[in-house]
Amino acid sequence: MKPLLSMVNFAEYAAMKCVAQLIDAVPNSELKQGYMAQMLDEVRHVNQQMYLNRYFAKHVVDPDGFAGGKKLAATNLFGRASRSCFETFFMGDPIEGALNLQVVAETAYTNPVFVAMTEVAATNGDQATPSVFLSIQSDESRHMANGYSTLAAVVSEPDNLPDLQADFNRAFWRQHAFIDPFMVAVYDYFQANRTSSYMEKWNDWIAGDWVESYISKLEPFGLQVPPSMAEAQGRMHWIGHTAAMVGFAGWPLVYWRTPPLSESDFEWFENKYPGWYDNYGWFWEGFRDLTEPGSGNPFDLFGEMPPLCRVCQMPTIFPRPDISTARIREHEGKRHAFCSGPCEFIFNEDPGRYTAYKTFWELFDGWGLDEYISKNGLLRADGKTLIGQPHIDDDPAKMWTIDDIKALNVEIKDPLKSAESIWVTA
């Protein structure tokens, strides 16, 4: 809940801005009424989630990270990726924002976020989250209807279709590129008593309900399923596990605790995602060996951390490091990394949208890891113990401190600046 609440709460705020723009831009009074009702919902969601965050900060055993999660997300490896994703709700023209928010994020992805996560919360003994999230999801049905009404209005004018399709293609990939790997990592890796996998939820709600019952029915009006849908579906078996590796290897950079996996976890993952152990088992066995304070540099599990995509800000090692679709190219004298063909295509449409948004590695290149942790508020109240930990053991003797990090002498580096980087080819 520490990463989920801070990142989703920004999405609710971005949604509020999106519908405000729609109210100003769309002259139809019936649509305006729907947008105004949605804006009230979004204000309520922002406040509900912040009150839930406050409840956790006051009552849970390990409140660090809840108290400062909103601030910490701005300079966090995955927090910056989440902002890049959810800023699409208001950074383009209002109709493009509606496609990102109402047509893709709310119609396709609120079930995985607000319904599936209540299952995780309940199995972990958390009864507060289901009451809040299911209340929020009851509003989303109206927001989905707003999106459908917006689409119906736009497709009624055939001249809109080329621009609408281009915006829709971009919107789907931008939401998929962050939400799906993030949700696999949160849903599959943090359940106490695992049942279904995120992949199963995705097949039901995204590939099934959203594509077959919603988007496909708009094809007679000229709007097509995004061509990148097939690539997204092909990536789903692996991308979340790859994202989890990067997130767990970078645990000193985050404001939550990352538990190692057990043998029973290995069995569950292999059952749900055949081939998982052959491709990821080495990492998790190595991760278990690095949980003791000062036991080693967690980044070394990769050799070095991978570059980040200029468009989606996610690691460029998807779907798996050994079959990565990453590409490196120069633009205006500077190297840029892309995680996939669709992200590079999106960049080429309008490079100016993305060149000014620095990646995490660019922001902190050359910083000592201990310097980053200290200056970004990632220490607990004692001023020495890290908020992030590679375990969930509360024994003080097993908690990493800033002195343990200093002793490792780790420097944060931007792989794109290094000619010797293992991820960058000439």
ask   = Quick one: salt bridge (Lys or Arg N to Asp or Glu O under 4.0 Å) partners of Glu119, sequence neighbours excluded?
value = Lys201
query = So, does Asn53 use its side chain to make a donor-acceptor pair with the main chain of Met50 at under 3.5 Å?
reply = no
query = How about Trp284 and Phe269: do any of their side-chain heavy atoms sit closer than 4.5 Å?
reply = no
Residue from Asn160, Thr150, Leu161 passing side chain to side chain contact (heavy atoms under 4.5 Å, CB included) with Val155 = Leu161
task = Ignoring hydrogens and angles, tell me if any N or O in the side chain of Gln389 forms a donor-acceptor pair with the backbone of Trp400 under 3.5 Å.
result = yes
key: Geometric cation-pi criterion, Arg83 with Phe10: 6.0 Å, 45°   = yes
inquiry  = In the structure I gave you, are the side-chain heavy atoms of Ser6 and Leu72 within less than 4.5 Å of one another anywhere?
reply    = no
inquiry  = Looking only at side-chain N and O atoms, does Tyr189 offer a donor or acceptor that is under 3.5 Å from a partner on His241?
reply    = yes
query = Between Arg194 and Asp188, is the closest basic N to carboxylate O distance under 4.0 Å?
reply = no
message = Whether the Tyr148 and Thr107 side chains hold a donor-acceptor pair (N or O, under 3.5 Å, no angle test) is what I'd like checked.
response = no
Under 3.5 Å side-chain donor-acceptor pair for Glu231 and Ser340 = no
query = Do the charged groups of Glu344 and Arg327 touch, with an N to O distance under 4.0 Å?
reply = yes
Exceeds 12 heavy-atom contacts within 6.0 angstrom, atom CD1 of Ile392 = no
request  = Please check if atom CZ in Arg329 has more than 12 non-hydrogen atoms from other residues, nucleotides or ligands closer than 6.0 Å.
outcome  = yes
query = Does the cation-pi check pass for Lys413 over Trp367, that is, NZ or CZ under 6.0 Å from the six-membered ring centre and within 45° of its axis?
reply = no
task = May I ask you to check whether Asn193 and Thr123 show a side-chain donor-acceptor distance below 3.5 Å?
result = no
ask   = Distance only, no hydrogens: is a donor on one side chain within 3.5 Å (strictly under) of an acceptor on the other, for Gln102 and His143?
value = no
request  = Compare all side-chain heavy atoms of Thr258 with those of Phe287 and state whether any distance is below 4.5 angstrom.
outcome  = yes
request  = Determine whether the aromatic ring centres of Phe360 and Phe364 lie less than 6.0 Å apart.
outcome  = yes
query = Which residue pairs satisfy the ring-ring contact (aromatic ring centres under 6.0 Å, His included) criterion with at least one member in residues 100-119, sequence neighbours excluded?
reply = Phe114-Phe133
query = Counting only heavy atoms not in Met144, do more than 12 fall under 6.0 Å of its CE?
reply = yes
inquiry  = Counting neighbours of CD on Gln33 that are heavy atoms of other residues, nucleotides or ligands and sit closer than 6.0 Å, is the number greater than 12?
reply    = no
task = Give a yes or no on whether the backbone of Gly34 and the side-chain of Asn146 come within a donor-acceptor separation of less than 3.5 Å.
result = yes
inquiry  = Let me confirm one number: the CZ-OH distance from Phe283 to Tyr280, rounded to the nearest 0.5 Å.
reply    = 11.0 Å
key: Proximity of His176 and Trp173 rings by center, below 6.0 Å   = yes
task = Examine the side chains of Asn279 and Trp238 and answer whether a donor and an acceptor come within less than 3.5 Å of each other.
result = no
